[in-house]
K.L.:
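Provided herewith is a single structure, encoded as structure tokens, for subsequent inquiry.
Chain letters run A, B, ... following the sequence lines, proteins first and then strands; every chain starts at 1.
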Amino acid sequence: MTSHESKPASAPPHRYTARYANELEVRWQGEWESRGTSRVRNPGDPDFDPTRPKFYALDMFPYPSGAGLHVGHPEGYIATDIVSRFKRMRGYNVLHPMGYDAFGLPAEQYAIQTGVHPAITTRQAIDNFRRQLKRFGFSYDWSREVSTIDREYYRWTQWIFLTLYESWYNPWRRRAEPVAELVKRLARGEYVINLFGELVADAAGIAATPIGGEPVGRRRWHDLSEDERRDFIDSKRLAYLGESVVNWCPKLGTVLANDEVIDGRSERGGHPVLRKPLKQWMFRITEYSQRLLEDLDKVDWPQSTRTMQREWIGRSEGAEIDFDLVGAPHAAGPSIRVFTTRPDTLFGATFMVVAPEHPLVDALLADPGPKTDEQALRAYVAAARNRGEVERMADSQAKTGVPTGLLAANPATGWRIPIWVADYVLMGYGHGAIMGVPAHDQRDFDFAARFGLPIIDVIYPRARLAMKYFADQARPEDRVGERWRDQMADFVGLVTSLNAEPGAFGPLLETIRGRRAPAGGESGGAERRGTIRSTWLDAIDDMGIDRLETLEARLREGGLARADGSAYEGPGYAVNSPRPGTNSGVDVNGLPASQAKVQVTDWLTLKGAGRARVNYRLRDWTFSRQRYWGEPIPIVFDMQGRHYPVTKLPVVLPELDDYHPIESDDPQPLLSKAWSWVSSTAAEAGIPPGLLPPETPVRRETNTMPGSAGSSWYFLRYCDPSNPRRFVDPAAEAYWMAGGVDLYIGGAEHAVGHLLYARFWHKVLSDLGHVSSPEPFRKLFHQGLITSFAYQRPDKTLVPVDHVEPAPPEVTSATGKLYVERGTGTPLNAVVAKMSKSLKNVVNPDDVIAEYGADTFRLYEMYMGPLEMSKPWNPRDISGCFRFLQRAWRLAVDEDSGALTLAPTADERLERLLHRLTVKVETDIERLAFNTAIAAMMEFVNAATPPGAAAGAGVLTREQAQRFALLLAPFVPHLAEELWQRLGHTASIAHADWPDHDPALLRDDTVEIPVQVQGKVRGRITVPAGAPSDAVQAAALADERVRQFIADRPIKKVIVVPGKMVNVVV
RNA sequence: GCCGGAGUGGCGGAAUGGCAGACGCGACGGAUUCAAAAUCCGUUCUGGGUGAAACCAGGUGUGGGUUCAAGUCCCUCCUCCGGCACCA
């Protein structure tokens, strides 16, 4: 028992104690619930008021863990609750819902250990979460609660999956359309399929033509066989079966995340992990790359989050280029396609690298060429494939690889360049193949240096281009002695200091030649020239250029990068493109790299060997999980392995006898243990008879959906949570989602995953006309982490809080440390760390509420600091908020009698303060700056509690007390409601009108202005508000102290900032 | 390495380029009390100055710059937190 709660008998009976707070909070929560105070109606409902504007305040719904809420959860919830309550008082219809993201791994793991069905533990956890959440007095409309594990919820998650399955992305119209539409267009001949299996819009004749534009063999839809049609359509669906590699642990019978694999073994148990390709459902989110990128400009999100999404999408402009294979046509095809952002460096491509997973490698292993070291290749590829991506990135320095024995032709130079396999090239990006330009890409440089491949400069920065120009133009007399060094240094210095273009090099060289050697007594120009010269002389020395001939030899062989020992990746001008004396169909020598890019790309396009291309880092979204506790994917397969959609929804997750994973070398989803469920018939599984005859035996999909499935659309279901006919009623969606969710608060850890996936689904649904808005979340805000104080030994290890005790005075005076470790006496530093079970510094909100009440908890968490910042939980500080509420309470209620203490007439000073406070609180709520709003309310209470005021006297009038209660209401709804009712209201404060303010009362008649002399405050003057500048200036200069500080110095300038400040400059 | 964010009293923090430290905690002093807790009142950046004030000087991670005026804007560096990382 804490002190302020003990012996309530000695406290006045109506003091706002923890017990008092808890009593009234629980009482009001019951009242609100039974009165339906937080219920909100939908358009079309009888008591819906369509004249009010809407506000949708959304929290990221929690995963209901068995441990219950911790103090980090409510932070965002309190914030949205304050805004929701405020908006309600301002006349908005407010949608403020809560639910549970309830599928997930912890419950499944618990089931594996104990055999208890995840549904049971999850329901218990949800009940506990709900109880805890309700105790905070959040104004959620609990009738809209949803949980992703409810059948009536996941039925619609499955429906959205099927919607994507039945859709494709039309690149010409830049939107998703039903697959049926595609079939129709194909049948009508509007679209045809070319020899490469690519879709071509016949009428438009644009895009999707192969590189080169050679005659395209087109196939009409009715020329295709049934299977060909089916394969083609399947290849276009937004939900498709793709193959991706997973970390399969046979012993654990499960797929592991990259960070759960260490050195090819499982983190848990150290069992071997295999990298296995697996057929998985994928979403074609990559089709939406550009739109997901562009629409980031439309939303009011933190800059950092938008940047993260941009980088995740990773747009880069460049070209794709086909390199012909040399020699006999290979099984892998006639050429290798690469993507590059640097087509300007094509002349410097001296080798190629393909990823170990590249099709060329498989083809080559099946049919090795004469020059292929099959053994080495096979060994390398096998090793590389079994290394996880994380591992491959971990040893990022030393490049490895083996030659394939194949050669390709560089289309610009005609050189035959070797093709290597190396794992620094990733199959998942671009085409899984690169052209190696070692002089201008550090990774390629490292690789070339390691394996002795040629390195040829093709881009020079301006300074080096100037050196080359100088060497090319050097006259015999320039070569004499050391003269060339000074001349060249001067020339390069002039070129760089003027940012001169190559066209201007000639005249500049003449200027240099015209200069005399600097003699004594010259102008500052020579001195400056001397500095620049020595800079460039140093640069020349650093390059190891001792004679002009050395430079010329380097330039001739294109060996500057090699000599530097590193690639030059910066901007510059094309050189050696082509090299002197060689031929090429294109010449970009001397062009700035940016122009060379365009020219090379244009030339490649014309030649049919390449084209401009935008590439994205974003990859398709793998949607299959080999888990039990997730939404079943509504698909069945026939005996030929063809897939069909299950239209009878929901596909209900079957029960299992036990949840132990299947030990197997081949990945087996846990659901495949439900064999009687898996084996079904078309009719039983819910396949329309038009698609398959009812008796056809089918096998159900045993993969389940990932956690991000249910969370990608829950905000839509809140709009219309129990609709049995649609995932959301169009009118409800159009009303609540107009312009997107108005405020969405949640952790920054979802910056890319959840927020990108939800945007993608939303865009698809929007394209198909199922939702009205293009973006789901208009305003997004991330609350900061709530951390905790932790105690650190000198060696930086942390000590659990229950092993910490205050330091004895002698330790403090000797070391300055305030804490020591119990037992050892080791002095400890107080630091800030994440709350964690091991440090025993996790705070349970239930305890805090028992000790102070929910209102104090709400207030404290908002008072700690800016919402977006991470901040440490300090139990000591809570009492400040608690005392504030006590004082606020005492302002209106006599602690002994419980009677109202009100003043008969309004104090004018307090009236002004109250108007100001009203403005301050409303602007701060809009800015989500709750800490300063609360500080302002504290100041008001301090001002309204004059020292020495007799108890029970009353300072505020009834009307003022009411307005103050209204300001408190969003923050501390229970206390505010109690005051409101005691002040004579029967309707809830939740729907009372926010108080108005009188702008006239915001300004004082006179203002005190500091007067500075030389920027230091030397006096103060009091002038009428809005006084003209010259009057203010006159008053300032008349001030006695100001005159003292000016003394007899002449006044240079007087700056008057109206209403703020005067500064006298002397 | 790259991209964000942050660095202000003993602590959490406040401050549209305009009086640095609002507000709260803690600490200290006082009232109340037999005593304590709770509650209430006062003081509290540092140094100088004074009986006490007034007042003076310095002060927002480091070093520089812009400005009449910088915690705030620009550049350099340091530290901490978060994210990404062979993306061609």
Side-chain angles (χ1 to χ4, degrees), chain A residues 2-8 10-12 15 17 302-305 307-308 310-312 314 316 318 338-342 353 392-393 395-397 399 422-426 428-437 441-444 446-447 615-619 748-749 751-752 782 784-785 787 789 818 830-832 860 863-866 868-881 883-884 886-887 890 895 929 931-932 934-939 942 945 947-949 951 1008-1017 1020 1041 1052-1055 1057 1059-1066:
Chain A
T2 48
S3 44
H4 47 264
E5 205 185 346
S6 60
K7 293 198 191 173
S10 67
R15 171 164 292 172
T17 59
Q303 191 58 54
S304 58
T305 304
T307 303
M308 264 192 244
R310 274 192 201 104
E311 286 173 2
W312 193 259
S316 54
V338 303
F339 174 75
T340 176
T341 54
R342 298 292 305 270
V353 184
R392 254 162 83 168
M393 292 167 193
D395 55 344
S396 53
Q397 295 315 312
K399 298 271 183 290
D423 65 5
Y424 81 92
V425 173
L426 308 173
Y429 185 78
H431 297 285
I434 60 150
M435 61 180 202
V437 184
D441 181 289
Q442 191 57 43
R443 295 157 301 175
D444 295 344
D446 295 341
F447 190 77
N615 200 44
Y616 298 91
R617 194 181 84 107
L618 185 67
R619 299 187 200 175
E749 65 272 23
V752 280
H782 300 303
L785 201 64
T787 55
F789 287 112
L818 297 170
V831 295
V832 169
Y860 170 63
Y863 185 65
M864 290 170 79
E868 70 275 16
M869 301 280 270
S870 99
K871 36 205 178 276
W873 180 271
N874 190 352
R876 224 172 51 177
D877 290 341
I878 304 173
S879 57
C881 292
R883 289 205 278 253
F884 159 67
Q886 282 186 326
R887 290 156 61 97
R890 197 161 44 226
E895 292 190 325
N931 55 330
T932 48
I934 294 165
M937 293 192 284
M938 288 176 171
E939 285 182 89
N942 290 347
T945 315
E1008 195 191 54
I1009 298 181
V1011 182
Q1012 297 181 334
V1013 179
Q1014 297 293 78
K1016 284 182 194 297
V1017 179
R1020 289 164 192 290
R1041 271 183 46 78
K1052 281 193 194 147
K1053 204 194 310 187
V1054 179
I1055 289 128
V1057 185
K1060 286 274 187 183
M1061 162 85 51
V1062 177
N1063 192 7
V1064 182
V1065 187
V1066 295

K.L.:
Among B/U16, B/A14, B/C68, which nucleotide has an atom closest to any side-chain atom of A/T932?
P.N.:
B/A14
K.L.:
Any base atoms under 4.0 Å from A/R310, or only sugar-phosphate, or nothing? Heavy atoms, all strands.
P.N.:
nothing
K.L.:
So what does A/P302 touch, heavy atoms closer than 4.0 Å: a base, only the sugar-phosphate, or nothing?
P.N.:
nothing
K.L.:
For A/R883, answer base if it contacts any base atom (sugar-phosphate contacts may also be present), sugar-phosphate if it contacts only those atoms, and nothing otherwise; contact means non-hydrogen atoms under 4.0 Å.
P.N.:
sugar-phosphate
K.L.:
Can you tell me how far C1' in B/G18 sits from the matching atom in B/G1, rounded to whole Å?
P.N.:
41 Å
K.L.:
Between B/A88, B/U16, B/G26, which one does the side chain of A/R443 approach most closely?
P.N.:
B/A88
K.L.:
Need one value for A/Q442: base, sugar-phosphate or nothing, where a base atom within 4.0 Å counts as base even if backbone is also close, heavy atoms only.
P.N.:
nothing
K.L.:
Please pick, from B/G18, B/C41, B/C11, the nucleotide with the shortest atom-to-atom distance to any side-chain atom of A/N874.
P.N.:
B/C11
K.L.:
Could you give the distance separating B/C87 and B/A69 at their C1' atoms, to the nearest angstrom?
P.N.:
48 Å
K.L.:
With P as the reference atom in both, quote the distance from B/G61 to B/C74 in angstrom, rounded to an integer.
P.N.:
15 Å
K.L.:
Take atom C1' in B/G13 and the same atom in B/G21, then report the distance between them in whole Å.
P.N.:
10 Å
K.L.:
Treat a base pair as Watson-Crick or G-U wobble with both distances under 3.5 Å, then lay out RNA chain B in dot-bracket form, 5' to 3', with | for cross-strand pairs.
P.N.:
(((((((..(((.....[....)))((((((.......))))))((((......))))..(.(((..]....))).))))))))....
K.L.:
Closest to the A/R617 side chain: B/A14, B/A88, B/C87?
P.N.:
B/C87
K.L.:
On the ring face of A/F447, is A/K399 found with NZ or CZ under 6.0 Å from the centre and within 45° of the axis?
P.N.:
no
K.L.:
Of the candidate nucleotides B/G13, B/A88, B/C25, which contains the atom at the shortest distance from the side chain of A/Y429?
P.N.:
B/A88
K.L.:
Tell me which nucleotide among B/C84, B/G26, B/G12 gets nearest to the side chain of A/D877.
P.N.:
B/G12
K.L.:
Have a look at A/V1017 and say if it touches a base, only the backbone sugar-phosphate, or nothing, with a 4.0 Å heavy-atom cut-off.
P.N.:
sugar-phosphate
K.L.:
Report which part of the nucleic acid A/N931 touches: base, sugar-phosphate, or nothing (heavy-atom distance under 4.0 Å, all strands).
P.N.:
sugar-phosphate
K.L.:
So which nucleotide from B/U39, B/G18, B/C23 ends up closest to the side chain of A/N942?
P.N.:
B/C23
K.L.:
Checking contacts here: which listed nucleotide (B/C19, B/C25, B/C23) is nearest the side-chain heavy atoms of A/A935?
P.N.:
B/C23
K.L.:
Can you tell me which nucleotide in B/C55, B/C86, B/C68 comes closest to the side chain of A/R1041?
P.N.:
B/C55
K.L.:
Can you tell which of B/U39, B/G18, B/C3 lies closest to the side chain of A/Q886?
P.N.:
B/U39
